[in-house]
Amino acid sequence: MPIKLHDSLSRETRELRPSQPDGVFRFYNCGPTVYAPAHIGNFRTFVVNDVLRRLLELEFGQAKVRHVRNLTDVDDKTIRRAREEGRPLAEVTKQWTAKFHADCQALNCLAPHDEPTATGHIREQVDMIDVLMKKGNAYRAADGSVYFKVSSFPGYGHLSRVHERELQPGSALAGKVHAADADEKEDVSDFALWKAHKADDGNNAWDSPWGRGRPGWHIECSAMSKKLLGDTIDLHTGGVDLLFPHHENEIAQSECCNGVPFAKHWYHSEHLLVDGKKMSKSLGNLYTLDELVAKGFSPMAVRYTLLMGHPRKQLNFTLDSLHAAESALKSLRSFRNTLQTTAGSTTPGKGAKDFALVIPTLEDDLNTPGAFGALFRELNQIHSTGLFPAHAAELLIEFDKILFALGLDLAAPVPAAKSAPAEITTLAEKRWAAKQAKDFAAADALRKELAAAGWTMLDRKDGYSLEPLKK
RNA sequence: GGCGCGGUAGCCAAGUGGUAAGGCCGAGGUCUGCAAAACCUCUAUGCGCCGGUUCAAUUCCGGCCCGCGCCUCCA
């Protein structure tokens, strides 16, 4: 079944298919700026793109998907961070790149096939700017910066419908408040391709035909996409906030330089809200993966939570939803164990249609909550009708395919139980002894004592474990 | 002000012109000395409000109310 995905440019849901004769599907996902830990809003986009990547692999074959995600390692924020910490830029970005990779791995995201960096592709960016200069789409301003001339590209604004917008009085552009370099530009809409060196940049500058400086933000994606995937790619993705101006500017640069359409398909995932509001430092509702893990949640529950809402709708993230995710994962784990136990070493049967709707639901515009619904509906159905070994063996294969598509690793570590203090283990030992002696009255009294101290005992045949009481 | 998205059970959240998936929580039950786990059952005559179209609307159309996002370097 073909994968259908909403296209931000045409505003239609269209089939995804490779456009090149080699049958390789090429997609570019705008990656993070590495100057701080990414927050879970960032990860919503990367997790959604990861599900997409997995579906593409299932559809076209593992070898027929090429996934590129960049790392922005030179811009205002990274340079400012390095300056504030008195460290070289490369050291700062290396640190946060490593952290980003660790978080991605914890969230079970497949690594992109290429992860190019802006500083690693200065020459490609300069070359591209050079072409734009020669074609008359760019100009060098008095300060040595190079700007893209928006009026030279008639297609500008189609993606974001920028022409249909009215500027809010007092907005940055209308008031030129933020446009520190506005005087250098011919038009406020023009954007920087090359930024002339300033004192604040320190030694983070490169030579170019227009003098020392550094690339503007937008050009890196155009240049690296061209180098690694070609002039026309099959899909370009990112968060909604990148739709304008970032992606609009990428289209302008790439199409003016290459003379062919930039991306066949555009996809934007919506924002994650926290307690009904966009995450922001000022509201204090910004979460990183580490903070959630510190609260006792597993990274897999975070991943599950990020997939609980439709990717093109704002998703309201709460701690309650993390609890829900943790419980849901537990059910899935338990179900898989049942399948495994029942199946044993039986040869899988053929023809079961139990999970037939899950992947197709996912393939219909990445309807992750719909897919979870279909999954649990089937799961309940199977529970109530019972299982034969051959059936279970077959279902196990299907179930694992679904887990792969969603990127849920049920074997991933769950939060380690806190170890109990000595007085608790003493009580527990006493209770266990009482139970073995069948002194149930004493055992029950000790259970109550433990509960009062905030602990519960989970009995097994051969022993017990201790867990802190929930709430 | 402009552009866009949304308002579905206590919470989260799919979906459809023909009478509401699923998860969490909660209640009852089976099973276990107890507890936990697992499994079973139950939980919106209702889908922001008011009109309209229709045999039939939560789903289409119009108006209104409320919320959220974006409006030049934030995933």
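Here is the naming used below: chain letters follow the sequence lines, and residue numbers restart at 1 for every chain. Atom set for the values below is all heavy atoms of this structure, side chains included, hydrogens, waters and symmetry mates excluded.
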Side chain of Met308(A) only, heavy atoms from C-beta on: which candidate in C12(B), A75(B), G23(B) is closest? C12(B)

How are the rings of Phe335(A) and Phe355(A) set relative to one another: parallel (under 30°), tilted (30 to 60°) or perpendicular (over 60°)? perpendicular

Between C74(B) and A37(B) - C1' atom distance, rounded Å: 44 Å

Side-chain contact check for Phe244(A): nearest option of C24(B), U72(B), C68(B) is U72(B)

CD (Gln105(A)) with more than 12 external heavy atoms under 6.0 Å: no

Listed nucleotide nearest any side-chain atom of Ser334(A), set G15(B), A75(B), A38(B): A38(B)

Any-strand Watson-Crick or G-U partner of U58(B), both distances under 3.5 Å: none

State whether Phe27(A) and Arg53(A) meet the cation-pi test: NZ (Lys) or CZ (Arg) under 6.0 Å from the six-membered ring centroid, and within 45° of the perpendicular axis. no

Does Asn380(A) place a side-chain N or O at less than 4.0 Å from the phosphate oxygens OP1/OP2 of A21(B)? no

Stacking check Phe376(A) vs G22(B) (5.5 Å / 30 deg): no

Tell me whether the centres of the aromatic rings in Tyr35(A) and Trp96(A) are closer together than 6.0 Å. no

Between Ala441(A) and Gly309(A), which has a closest nucleotide on RNA chain B that is more 5'? Gly309(A)

Presence of donor-acceptor pair under 3.5 Å, side chain of Arg431(A) and base of G33(B): yes

Could you tell me whether Asn49(A) contacts a base, only the sugar-phosphate backbone, or nothing, with contacts defined as non-hydrogen atoms closer than 4.0 Å? nothing

Indicate yes or no: at least one non-hydrogen side-chain atom of Leu243(A) is less than 4.5 angstrom from one of Trp266(A). no

Any donor-acceptor N/O pair under 3.5 Å between C34(B) base and Asp459(A) side chain: yes

Qualifying residue for side-chain contact (heavy atoms from CB on, under 4.5 Å) with Asn29(A), from Asn70(A), Asn49(A), Val68(A): Asn49(A)

Which part of the nucleic acid does Asn249(A) contact within heavy-atom distance under 4.0 Å: base, sugar-phosphate only, or nothing? nothing

Could you tell me whether the side chain of Lys195(A) has a donor or acceptor atom within less than 3.5 Å of a complementary atom in the base of C73(B)? yes

Euclidean distance for C1', C40(B) against C61(B) (whole angstrom): 45 Å

If you check the His383(A) side chain, which of A75(B), C34(B), C40(B) turns out closest? C40(B)

Classify the nucleic acid contact of Lys435(A) as base, sugar-phosphate or nothing, counting any heavy atom under 4.0 Å across all strands shown. base

What is the base-pairing partner of C3(B), counting Watson-Crick and G-U wobble geometry with both distances under 3.5 Å? G69(B)

Watson-Crick or G-U counterpart of A37(B), or none if no pair lies under 3.5 Å: none

Do Arg447(A) side-chain and C34(B) base share a donor-acceptor contact under 3.5 Å? yes

Whichever of Tyr156(A) and Leu242(A) has its nearest RNA chain B nucleotide further upstream toward 5': Tyr156(A)

Is any side-chain nitrogen or oxygen of Asn29(A) closer than 4.0 Å to OP1 or OP2 of A75(B)? no

Any strand counts, and the cut-off is 3.5 Å on both contacts for Watson-Crick or G-U wobble. Which nucleotide pairs with U32(B)? none

Contact class for Thr305(A) (heavy atom, under 4.0 Å): base, sugar-phosphate, or nothing? nothing

Rounded to whole angstrom, note down the P distance from G23(B) over to C64(B). 39 Å

What's the gap between C31(B) and U41(B) when it is taken at their C1' atoms, as a whole Å value? 15 Å

If pairing means Watson-Crick or G-U wobble with both distances under 3.5 Å, then the partner of C64(B) is G48(B)

We want to know whether Asp143(A) and Ser145(A) form a side-chain donor-acceptor pair, criterion being a heavy-atom distance below 3.5 angstrom. yes

For Phe191(A), answer base if it contacts any base atom (sugar-phosphate contacts may also be present), sugar-phosphate if it contacts only those atoms, and nothing otherwise; contact means non-hydrogen atoms under 4.0 Å. nothing

Give a yes-or-no answer on whether the side chains of Thr288(A) and His39(A) include a donor-acceptor pair shorter than 3.5 Å. no

Any base atoms under 4.0 Å from Leu315(A), or only sugar-phosphate, or nothing? Heavy atoms, all strands. sugar-phosphate

P spacing across the pair G51(B) / A56(B), given as an integer number of angstrom: 16 Å

Of the listed nucleotides (A75(B), A13(B), G23(B)), which one gets closest to any side-chain atom of Pro369(A)? A13(B)

Can you tell me which nucleotide in G33(B), A75(B), G22(B) comes closest to the side chain of Thr45(A)? A75(B)

Partner of C42(B) by Watson-Crick or G-U wobble geometry, both contacts under 3.5 Å, or none? G26(B)

Which is it for Lys313(A) and Glu270(A) under the salt bridge (charged side-chain N to carboxylate O under 4.0 Å, His left out) test, yes or no, and what are the steps along the way? CA-CA 6 Å; Lys313(A) 269 177 80 171; Glu270(A) 254 297 348; over 6 Å; no

Counting the atoms with a prime plus P, OP1 and OP2 as sugar-phosphate, which does Gly239(A) contact under 4.0 Å by heavy atoms, base, sugar-phosphate, or nothing? sugar-phosphate

With a non-hydrogen cut-off below 4.0 angstrom, is Leu458(A) in contact with a base, only sugar-phosphate, or nothing? base

Considering every strand and a 4.0 Å limit on heavy-atom distances, what is the contact class for Asn316(A): base, sugar-phosphate, or nothing? sugar-phosphate

Separation of the C1' atoms in A20(B) and C34(B), to the nearest angstrom: 41 Å

Has the side chain of Arg44(A) got a donor or acceptor atom sitting under 3.5 Å from an opposite partner on the base of A75(B)? no

Any N or O donor-acceptor pair linking the side chain of Asp241(A) to the base of G69(B) at under 3.5 Å? no

Quick one: is C24(B) close enough that its OP1 or OP2 comes under 4.0 Å of any side-chain N or O from Lys330(A)? no

Using the C1' atom on both, measure A14(B) against A9(B) and round to a whole Å. 14 Å

Check: His310(A) side chain, A14(B) base, donor-acceptor under 3.5 Å: no

If I pick the C1' atom on G29(B) and the same atom on C55(B), what distance separates them, to the nearest angstrom? 44 Å

Re G17(B): Watson-Crick or G-U wobble partner, both distances kept under 3.5 Å, found to be none

When all nucleic acid strands are considered with a 4.0 Å heavy-atom cut-off, which category describes Asp444(A): base, sugar-phosphate, or nothing? base

